[in-house]
Structures are given as C-alpha cells and as structure tokens.
Amino acid sequence: MRKNEEDQTAILVRCGTGVVLGGAAALLVSLAVLLLASVAISRGALGEGLLYQVTVAGCVLGSFAGGLLAVRRCGARALIVGLCTGGVLFLLLLTVGVLLFDAHSVEQGGIGLACGCLCGGAAAGLLGSGKKKSVKKKRRK
C-alpha cells in the first residue's frame with residue numbers, strides 16, 4: 001500500500017463524521033435563521049403568511065452551510081456528501097418535530113422542507129468541492 005492511500009474504513013469514518021457534524025451545523029444555522037425570522041415577524045417586518053417560505057429558506061441556508069462543512073471535511077464525492085448532509089438535516093427536523101410538537105412534518109408541508117434540505121446540500125456539494133480544474137494551454141504551431 002502506498003503512503004498516500006488511506007484505508008477505506010478511515011475514509012468512510014471521516015466522511016460519515018463530516019456528514020453528521022455538517023447535519024448538526026445545518027440544524028444550528030437553520031434554527032438561527034428561523035430565530036431571526038421570528039423576531040422579524042414579531043416586529044411586523046415580515047408578514048405571517050411568509051412563514052412557510054421562510055422555513056424552507058432556512059432549511060436551504062442551513063443545509064448549504066452544513067454541506068460546505070461536510071464537503072470540506074470529506075474531500076471526495078462532494079455531491080453525495082452534500083445530499084447526505086441535507087438528508088441528515090431533514091431527519092433531524094423530522095425527529096424534533098415529532099418529539100417536541102407531536103406533529104409529523106411530512107403531513108404538514110414536509111415535502112417542501114425535504115426538497116429545500118436536499119437542494120441546499122446539493123448546492124453545497126456542487127459549489128464547495130474546491131477542486132480547481134486545470135486549464136491546458138494551447139500550443140501555438
């Protein structure tokens with residue numbers, strides 16, 4: 001085995017840890033966005049009719065931030081890692097909703113939340129890979 005090769009289990013553990021940490025960070029960011037939105041609604045800056053849209057936007061922003069963290073930690077297969085981070089965020093939101101509010105978020109507009117989480121994670125996977133493609137110079141004849 002070469003020096004620069006990692007064991008497959010070490011890569012899997014590193015990516016799995018990155019996805020879980022990214023999901024936790026995504027939850028914190030989405031809760032912070034929702035806290036700011038609730039302050040804006042209580043002050044009258046936002047209407048109450050925009051509550052669902054703001055919730056989905058918070059999921060997208062949180063999933064994007066957590067996905068960037070996970071992609072940078074993992075370093076490979078950025079799109080899959082970003083999508084998994086979005087899935088972890090959705091499962092965390094679903095778990096919190098069931099435990100604290102006795103409501104299933106899938107029944108109350110959870111499809112939009114799932115799409116928002118997955119889209120934010122996919123965007124992080126596409127934009128956060130950090131690999132710069134080499135540009136080959138054309139030779140003049």
Side-chain angles (χ1 to χ4, degrees), residues 1-43 45-141:
M1 185 161 50
R2 296 186 316 204
K3 287 184 180 180
N4 60 357
E5 288 183 6
E6 279 187 84
D7 190 27
Q8 291 295 322
T9 57
I11 293 171
L12 185 63
V13 167
R14 187 183 69 217
C15 288
T17 306
V19 167
V20 171
L21 287 176
L27 181 66
L28 292 176
V29 169
S30 63
L31 288 177
V33 168
L34 292 176
L35 177 69
L36 292 174
S38 67
V39 169
I41 288 173
S42 68
R43 291 189 178 189
L46 285 176
E48 290 182 22
L50 296 175
L51 185 62
Y52 183 70
Q53 288 84 0
V54 169
T55 304
V56 173
C59 289
V60 170
L61 291 174
S63 181
F64 183 75
L68 284 178
L69 177 74
V71 165
R72 288 190 181 140
R73 256 184 97 85
C74 187
R77 294 185 174 95
L79 183 61
I80 295 172
V81 170
L83 285 172
C84 288
T85 304
V88 167
L89 174 63
F90 178 68
L91 291 176
L92 286 172
L93 290 173
L94 186 67
T95 303
V96 168
V98 167
L99 290 178
L100 297 180
F101 302 112
D102 292 329
H104 304 286
S105 67
V106 176
E107 296 171 355
Q108 299 172 348
I111 302 299
L113 295 178
C115 290
C117 291
L118 292 176
C119 287
L126 291 174
L127 298 176
S129 63
K131 294 182 181 178
K132 296 181 180 178
K133 296 180 181 178
S134 63
V135 178
K136 295 182 180 180
K137 294 181 182 179
K138 292 183 179 180
R139 292 185 183 181
R140 294 187 182 199
K141 292 182 181 180

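Source: prediction; values computed, not measured. Sequence positions, counted from 1, serve as the residue numbers for this chain.
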N/O donor-acceptor pairs under 3.5 Å from side chains in residues 79-93, not counting sequence neighbours:
residue	atom	partner	partner atom	Å
Thr85	OG1	Val81	O	2.8

Check residues 113-126 and write down every donor-acceptor pair under 3.5 Å in which the side-chain atom is one partner and the other belongs to a residue at least two apart or another chain.
none

Review item, side-chain donor-acceptor pairs of residues 22-40, under 3.5 Å, at least two apart:
residue	atom	partner	partner atom	Å
Ser30	OG	Ala26	O	3.1
Ser30	OG	Leu27	O	2.9
Ser38	OG	Leu34	O	3.4
Ser38	OG	Leu35	O	2.7

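Legend: residues meeting side chain to side chain contact (heavy atoms under 4.5 Å, CB included) with Arg72, ordered by chain and number and at least two apart, are absent. Residues that satisfy the disulfide (SG to SG under 2.5 Å) test with Cys74, not counting sequence neighbours, are Cys15. A search for side-chain hydrogen bond (donor to acceptor under 3.5 Å, both in side chains) contacts involving Ser42 returns nothing, not counting sequence neighbours.
Of the inter-residue distances, the one linking Ile11 atom CD1 with Arg77 atom CZ reads 8.0 Å to the nearest 0.5 angstrom. Interatomic distance, CZ of Arg73 versus CG of Leu68, reported as 14.5 Å (0.5 Å rounding).
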